[in-house]
*Asks:* 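Got a structure for you, questions after.
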Amino acid sequence: MTKPLGVILAGGQATRMGGGDKGLLQIGGQSLLSHVIDRLSPQVSGLALNANGDPERFADLGLPVLPDTIEGFAGPLAGVLAGLDWAAEQGADCIVTAAADTPFFPRDLVTRLTQAAEGQVHPLVLATTPRTGDEALKSGGGKRVNRHPTFGLWPVALRDDLRAALMDGLRKVVLWTDKHDGREALFSADPFDPFFNVNTPEDLDRARKLLEQA
């Protein structure tokens with residue numbers, strides 16, 4: 001498989017941060033988005049940003065800005081669909097998504113996702129990490145891992161199926177991936193979960209400390 005296209009999902013509402021674009025918050029003198037771009041761009045053949053509202057606020061990034069094509073706030077699957085539609089225009093077979101507020105995700109994300117998809121007719125894989133600490137004791141339908149629905153490998157061939165599901169009201173990522181026999185790629189959570197994302201001011205402080213350790 002050739003390198004997929006990459007799509008950064010920045011369409012969230014950031015309610016726990018008081019609104020605005022979480023990806024534009026700064027750690028280490030760079031925006032979270034810049035950290036994500038630095039990690040994802042070497043892993044993919046091209047990059048776009050899924051975001052709603054005025055695209056000019058991202059003009060300095062030099063990336064195509066893809067708004068959701070489903071009306072209302074339909075969650076991360078709407079961003080995935082926007083990315084798949086863009087990828088179809090580029091003649092690509094699949095995309096890998098990453099969240100705009102997750103600056104420490106693995107540098108081998110794409111390699112591991114594509115390896116997990118070997119043999120699938122339609123490559124569809126979500127990143128996971130082991131549940132640790134108190135999480136390991138929680139009920140989760142027998143799940144011993146955390147699935148990270150904004151970090152995945154998605155096939156262009158299923159974009160119309162995804163569009164129909166969204167139009168029918170589906171919002172939960174794993175319901176759709178399970179329906180299509182989606183797989184999982186397990187990543188280590190030691191010394192911390194690399195899919196840690198910034199949701200609160202406290203998370204932002206933690207991200208700054210983690211960056212100093214990186």
Side-chain angles (χ1 to χ4, degrees), residues 1 4-17 19-23 33 36 40 44-55 57-58 63-102 105 109-110 113-114 116-117 120-128 140-141 143 145-185 195 197 199:
M1 184 185 293
L5 291 171
V7 177
I8 299 171
L9 303 176
Q13 294 175 310
T15 52
R16 283 183 279 178
M17 292 293 290
D21 295 297
K22 284 192 292 181
L33 254 175
V36 171
L40 190 57
V44 295
S45 60
L47 199 55
L49 178 68
N50 161 243
N52 299 302
D54 185 359
R57 67 194 192 277
F58 302 112
L63 299 178
V65 179
L66 317 173
D68 291 351
T69 53
I70 301 292
E71 295 213 355
F73 180 67
L77 279 175
V80 172
L81 177 60
L84 291 173
D85 285 341
W86 169 71
E89 293 171 1
Q90 313 301 311
D93 294 327
C94 57
I95 64 171
V96 166
T97 55
D101 59 357
T102 308
F105 66 88
L109 173 73
V110 174
L113 291 175
T114 52
Q120 282 185 298
V121 176
H122 300 307
L124 183 59
V125 184
L126 292 182
T128 66
K143 275 282 175 190
V145 297
N146 287 320
R147 290 190 279 192
H148 302 285
T150 52
F151 286 85
L153 175 67
W154 311 88
V156 169
L158 291 181
R159 68 190 177 110
D160 289 334
D161 183 283
L162 177 56
R163 192 186 328 277
L166 284 165
M167 296 297 285
D168 283 343
L170 180 75
R171 297 294 180 264
K172 195 167 178 60
V173 174
V174 296
L175 290 180
W176 189 76
T177 58
D178 285 350
K179 173 188 170 187
H180 293 285
D181 298 320
R183 295 180 182 175
E184 298 172 353
F195 300 101
N197 66 309
N199 281 321

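Numbering starts at 1 and runs along the sequence shown. This structure is a prediction, so every number in the text was calculated from the model and none was measured.
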*Asks:* Flag the pair Leu5 / Ser45 as yes when at least one side-chain heavy-atom distance between them is below 4.5 Å, and no otherwise.
*Replies:* yes
*Asks:* How long is the straight-line distance from CE of Met167 back to CG of Asp160, given to the nearest 0.5 Å?
*Replies:* 12.0 Å
*Asks:* Return the set of residues passing ring-ring contact (aromatic ring centres under 6.0 Å, His included) with Phe58 (not counting sequence neighbours), or none when no residue passes.
*Replies:* none
*Asks:* Show me the donor-acceptor pairs within less than 3.5 Å that the side chains of residues 74-94 make with the rest of the protein, sequence neighbours left out.
*Replies:*
residue: Asp85; atom: OD1; partner: Arg159; partner atom: NH1; Å: 2.8
residue: Asp85; atom: OD1; partner: Arg163; partner atom: NH2; Å: 2.9
residue: Asp85; atom: OD2; partner: Arg163; partner atom: NH1; Å: 3.0

*Asks:* For Arg57, what residues pass the side chain to side chain donor-acceptor pair (under 3.5 Å) criterion, not counting sequence neighbours?
*Replies:* Asp21
*Asks:* With Thr97, which residues qualify under side chain to side chain donor-acceptor pair (under 3.5 Å), at least two apart?
*Replies:* Trp154
*Asks:* Give every residue pair that meets the salt bridge (Lys or Arg N to Asp or Glu O under 4.0 Å) criterion with at least one member in residues 63-75, sequence neighbours excluded.
*Replies:* none
*Asks:* Please confirm whether the backbone N or O of Leu66 pairs with a side-chain atom of Asn50, one donor and one acceptor, at under 3.5 Å?
*Replies:* yes
*Asks:* Got a sec, which residues hit side chain to side chain contact (heavy atoms under 4.5 Å, CB included) with Lys179, two or more places apart in sequence or on another chain?
*Replies:* Asp161
*Asks:* Sequence neighbours left out, what passes ring-ring contact (aromatic ring centres under 6.0 Å, His included) with Phe105? Give chain and number order.
*Replies:* Phe151
*Asks:* Of all residues at least two apart in sequence or in a different chain, which pass the side chain to side chain contact (heavy atoms under 4.5 Å, CB included) check with Pro155?
*Replies:* His122, Pro123, Leu124, Leu158
*Asks:* Would you say Arg171's side chain and Leu166's backbone share a donor-acceptor pair under 3.5 angstrom?
*Replies:* yes
*Asks:* Got Val44 and Ile95 here, is their nearest side-chain heavy-atom distance under 4.5 Å?
*Replies:* no
*Asks:* Is a donor on one side and an acceptor on the other found under 3.5 Å between the side chain of Thr128 and the backbone of Ala185?
*Replies:* yes
